[in-house]
Amino acid sequence: MSCAILGDSYNFDDNLITNESFSDTTKSAIFITDALQNAVRCKICNARIHRNSMSIDHIVRKQDGGIGNFENGQLTHPYCNTTYKN
């Protein structure tokens, strides 16, 4: 996966990521990519997210085998991220 951030290009080789947690670099890339493309909205409830109140959520939960790669991350409200998702 490739991500262009402020004129720089970063390549993410998701095959190298085996850890369940997101790295700081991956969190930043998820936020910047989403924020530049759209108004920042929670991917669970679709409401706007304030810059001081957001979290990075696993799309495929850790319990279900999800890992901390770029393509498995989404921006959410902390409350939405802590409730059970089907």
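No donor-acceptor distance shorter than 3.5 angstrom exists from the side chain of His77 to the backbone of His50, with no hydrogens or angles considered. A side-chain donor-acceptor contact under 3.5 Å links Thr82 to the backbone of Tyr79. Under a 3.5 Å cut-off, the side chain of Asp57 and the backbone N or O of Asn81 do not form any donor-acceptor pair.
In plain terms, the two heavy atoms of Val40 and Leu75 that are nearest each other are CG1-CD1, 3.9 Å. Nearest heavy-atom pair across Ser55 and Pro78 is OG-CA, 3.7 Å. Among all heavy-atom pairs drawn from Asn72 and Ile67, the shortest one is ND2-O, 2.9 Å. Across every non-hydrogen atom of Ser23 and Thr26, the tightest pair is OG-OG1, 2.9 Å.
Between atom SG of residue Cys42 and atom CE of residue Met54 there is a gap of 10.5 Å, rounded to the nearest 0.5 Å. Rounding to the nearest 0.5 angstrom, the gap separating the CD1 atom in Ile56 from the OG atom in Ser21 is 12.5 Å. Of the inter-residue distances, the one linking Ile44 atom CD1 with Thr83 atom OG1 reads 6.0 Å to the nearest 0.5 angstrom.
When the salt bridge (charged side-chain N to carboxylate O under 4.0 Å, His left out) test is applied to Asp64, the partners found at least two apart in sequence or on another chain are Arg61. Applying the ring pair (Phe, Tyr, Trp, His ring centres under 6.0 Å) rule to Phe22 yields the partners His58; only residues at least two apart in sequence or on another chain are considered.
No side-chain heavy atom of Cys80 sits less than 4.5 Å from a side-chain heavy atom of Lys43.
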